[in-house]
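Computation of the quantities below employed the complete heavy-atom set of this structure, encompassing side-chain atoms and omitting hydrogens, waters and symmetry-equivalent molecules. Residue numbers start from 1 in every chain, and the chains themselves are labelled A, B, ... in the order their sequence lines are given, proteins ahead of strands.
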There are 2 protein chains.
Amino acid sequence: MNDESAAGGKGTQRRHRRNTGAMTLRQVAQLADVAPVTVSRVLNTPDVVSPEVRERVLAVIRETGYVPNRLAGGLASTRSNLIAAIVPTITMSVFLQTVQSLTDTLFDADYQLMLGQTGYSPEREDALLEAIIGRRPDGIVLTGVDHSAQSRQRLLGAGIPVVETWDLTDHPIDMLVGFSHRDIGSSVARYLAGRGRQQLALVTADDERARRRASAFEATALELGLPPVQRISVGGSRTLSSGRTALARLAESGSRPDAVFCSSDLLALGVMTEAQSRELRVGQDLGVVGFGDFDFVADLEPALTSVRINGAAIGEQAARFLVARAEGHAVAQPVVDVGFSIVERASA
Amino acid sequence: MNDESAAGGKGTQRRHRRNTGAMTLRQVAQLADVAPVTVSRVLNTPDVVSPEVRERVLAVIRETGYVPNRLAGGLASTRSNLIAAIVPTITMSVFLQTVQSLTDTLFDADYQLMLGQTGYSPEREDALLEAIIGRRPDGIVLTGVDHSAQSRQRLLGAGIPVVETWDLTDHPIDMLVGFSHRDIGSSVARYLAGRGRQQLALVTADDERARRRASAFEATALELGLPPVQRISVGGSRTLSSGRTALARLAESGSRPDAVFCSSDLLALGVMTEAQSRELRVGQDLGVVGFGDFDFVADLEPALTSVRINGAAIGEQAARFLVARAEGHAVAQPVVDVGFSIVERASA
DNA sequence: TTGAAAGCGCTAACAA
DNA sequence: TTGTTAGCGCTTTCAA
């Protein structure tokens, strides 16, 4: 009576899997009295279907609440409409803007974002990447340019378009949207020296990119003939509280820095808070520069000077690259330096 | 020569799709000289394969960098090892801890998280939900308990386990992990009244749950015989800057509130900042209570009193519920009230 | 312990 | 414009 009869023919023993329970495209087709392909066309290329048939099919879809299985679709079409992104963390972090704009840009292009967090751990990045590649996303956004040999091999082998972000390198895996951490370190040192600051200090988290900013900061201070930079490392703890502790240590070390460059705005807020409770006037006695230019820093008292990265632009550009590739277009200029700026405010 | 010969038989015209390029399980099987099922077993139930064969297969997998296609696996097994979560926003928000612990708990159980952000828009929630259901995740975490009729129908129809979070209701779709916003509003009002505060004010964002806290706050103040609560709505803008503006409006309105309950810690930080620049002593002249108990609020000057929600517990519990269901276990007590607490600090 | 066959739900290729 | 057929890459069922 229906097309199952073939499977239930007399000589054949029926055995295989009962279907999952959810409505399928085939069932919709039967209810609308059309072939399965036609339902597929209504969903994917509606213009190619006659209005009456289209309406009939859509009516069935509406009544049944049918939601097509994209896993099956993806398998058949080798297009998943999924983009994956891996960031160190989203908790109070500079990557938030990138993730946000990635989500938004992709949503508008009818893609979805899968997010992975490494917690700054390379092992975890490898594990995440394997899980991600297994889902055959149409593209992958990576943070940074340091990835294990294994991950590079898998990525290349899978043939999935990749965008590395938040850094620059001469040997990207595929595409690249970032900026130079070295230049930032130098620029901030020069900026502070130009404002008459002498005894510079660093309060910095312990990840590869922050370290690179810090080293360039120190090197430039030296070149400019300033005394050696004092550097306090807060390890992996990028909190307000670590910032307070760091300034306390600095203040009690005897030497009195007159400017501090922090590797994140939250650390900078900690430094400012501790300075205020020590009756140091931020902006006068102590210059403070943050990194990230979070939304709220402009409204602090005093407003915080910070290095601004256009994280949203990074996300948007990365999304555009990947969508272009997914649609089969080549990307002419697959390396973009989005630069940075020092936003001058009262704190320095 | 190989098993493709069947497809290329003389009478048949070969036409179909060339494979995608990436290594497949079938190719691994050929290289290891075993049947495809055997490779599948090595991947999923290794104990059932003899050690020698297992080693041979694993060697090939290692050499080729083969990563199994989970889309195909999911389609065949109707298990995706994917859990989806929908939150209003992750930008500087209270949901961050929940997302974080969800990610971590799921990662440990070998599941992955798909994240969607609604930006507090119900339309967007519907669109997201359709995209998500289409990927047949093994479970879905929702924020809040207000969902469109269409979404409820789809969810029920898809038969996917659901956990609603961050609120309570008598009619959950499926499972529920939350707390009472009404109770929070009442408790904070009582708390402030108990500390001798008279003229209470609200600075609140304009979403359903914040409104519910606010209404209960007002009602309780009234019951306690306090003067009417002044309420400033900041719309959808949950920023430090809105908090500053709100307190400015309050201060200039003539009436002088002696305590403010803010619907987020960031708003509270704005209120504090504005108070300080108006020479109001926070804690003495003006009590301030936040919501969320962000990491950094304990280290502010003065430290901020805030309503603490154990967002991490919500995420963990939700993850456990869904993993249990995915593994085929029933969940005995599928409704959990995680409660809340008022963390007393200097600001109130 | 291993394998052959069937099919998960969808789309690409071809035909009419 | 609509339909038929053959898979996408994997896992399940049944058999040995």
Side-chain angles (χ1 to χ4, degrees), chain A residues 3-4 6-9 12-30 32-54 56-57 66-81 134-136 158, chain B residues 3-4 6-9 12-30 32-54 56-57 66-81 134-136 158:
Chain A
D3 69 352
E4 306 241 297
T12 329
Q13 197 183 320
R14 115 123 37 153
R15 40 161 164 141
H16 254 268
R17 274 161 280 190
R18 54 259 159 271
N19 69 333
T20 21
M23 177 75 47
T24 70
L25 179 139
R26 217 233 253 334
Q27 291 169 31
V28 172
Q30 259 171 43
D33 200 33
V34 294
V37 239
T38 304
V39 178
S40 174
R41 288 193 182 110
V42 168
L43 258 16
N44 301 307
T45 50
D47 324 316
V48 100
V49 180
S50 72
E52 321 142 48
V53 173
R54 195 194 311 146
R56 214 164 68 225
V57 171
Y66 166 68
V67 179
N69 185 331
R70 314 275 241 110
L71 286 161
L75 184 58
S77 65
T78 59
R79 294 230 1 226
S80 62
N81 271 53
R135 301 200 193 274
R136 301 294 188 270
Chain B
D3 70 351
E4 305 242 296
T12 328
Q13 197 185 321
R14 116 126 34 154
R15 41 163 164 135
H16 252 268
R17 274 163 278 188
R18 51 267 162 264
N19 68 333
T20 20
M23 176 74 48
T24 70
L25 178 141
R26 216 233 256 330
Q27 292 169 32
V28 172
Q30 259 169 45
D33 200 32
V34 294
V37 239
T38 303
V39 178
S40 174
R41 289 194 183 110
V42 169
L43 259 15
N44 300 308
T45 52
D47 325 315
V48 99
V49 180
S50 72
E52 322 143 47
V53 173
R54 195 195 310 147
R56 215 163 69 224
V57 171
Y66 167 67
V67 180
N69 185 331
R70 315 274 242 109
L71 263 77
L75 183 57
S77 67
T78 58
R79 295 236 354 231
S80 61
N81 270 52
R135 302 201 192 274
R136 301 294 188 268

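- dA13(C) atom P lies 14 Å from atom CG of N44(A), rounded to whole Å.
- Across the protein-nucleic acid pair, R26(A) atom CZ and dC8(C) atom C1' stand 11 Å apart, rounded to whole Å.
- Among dG3(C), dG3(D), dT11(C), the nucleotide with an atom closest to any side-chain atom of R41(B) is dG3(C).
- Here the closest non-hydrogen pair linking P36(B) and R26(B) is CG-CG, 4.2 Å.
- With hydrogens and angles ignored, no donor-acceptor pair closer than 3.5 Å exists between the side chain of R70(B) and the base of dG9(D).
- Summary for the helix from dT1(C)-dA16(D) to dA16(C)-dT1(D): the axes at its two ends, each from 5 pairs, differ by 30° when rounded to the nearest 10 degrees.
- Remark: Q30(A) CD to T24(A) OG1 distance equals 8.0 Å, nearest 0.5 Å.
- In terms of phosphate contacts, S40(A) brings a side-chain nitrogen or oxygen within less than 4.0 Å of OP1 or OP2 of dT11(C).
- Nearest approach of R56(B) to D33(B), heavy atoms of both residues: NH2-O, 3.5 Å.
- Checked against side-chain contact (heavy atoms from CB on, under 4.5 Å), R70(A) has the following partners two or more places apart in sequence or in another chain: N81(A), R135(B).
- If you measure from atom CG of D33(A) to atom C1' of dT2(D), you get 13 Å, rounded to the nearest angstrom.
- Side-chain to base pairing of R136(A) with dG9(D): no donor and acceptor N or O lie closer than 3.5 Å to each other.
- Using a 4.0 Å heavy-atom distance criterion, P36(B) is classed as making no nucleic acid contact.
- Between S50(B) and dT2(C) there is a side-chain polar atom (N or O) within less than 4.0 angstrom of OP1 or OP2.
- Contact annotation: N69(B) side-chain N/O to dC8(D) OP1/OP2 distance is not under 4.0 Å.
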Report all side-chain donor-acceptor pairs from residues 40-53 of chain A shorter than 3.5 Å, counting only partners two or more places apart or in another chain.
| residue | atom | partner | partner atom | Å |
| --- | --- | --- | --- | --- |
| S40(A) | OG | N44(A) | ND2 | 3.4 |
| N44(A) | ND2 | S40(A) | O | 3.0 |

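- For Y66(B), no side-chain nitrogen or oxygen approaches OP1 or OP2 of dG9(D) to under 4.0 Å.
- In the set dA12(C), dT2(D), dC10(C), the nucleotide with an atom closest to the side chain of A76(A) is dC10(C).
- For A35(B), taking side-chain heavy atoms from C-beta onward, the closest of the listed nucleotides dT11(C), dG3(C), dG9(C) is dG3(C).
- Here the nucleotide nearest the side chain of T24(B), chosen from dT12(D), dC10(D), dT2(C), is dC10(D).
- The distance between atom CG of L75(A) and atom P of dG7(C), rounded to the nearest whole Å, is 17 Å.
- Among dA12(C), dT2(D), dA4(C), the nucleotide with an atom closest to any side-chain atom of T38(A) is dT2(D).
- Rounded to whole Å, atom C1' of dG9(C) lies 13 Å from atom CE of M23(A).
- Here the OG-CG distance, from S80(B) to L75(B), works out to 11.0 Å after rounding to the nearest 0.5 Å.
- Going from atom CG of L25(A) over to atom C1' of dT2(D) covers 14 Å, rounded to whole Å.
- When all heavy atoms of M23(A) and R136(B) are compared, the pair lying nearest together is O-NH2, 4.2 Å.
- Put simply, CZ on R56(B) is 15 Å from P on dT1(C), counting in whole angstrom units.
- A straight line from CG of L71(A) to P of dC8(C) spans 15 Å, rounded to a whole angstrom.
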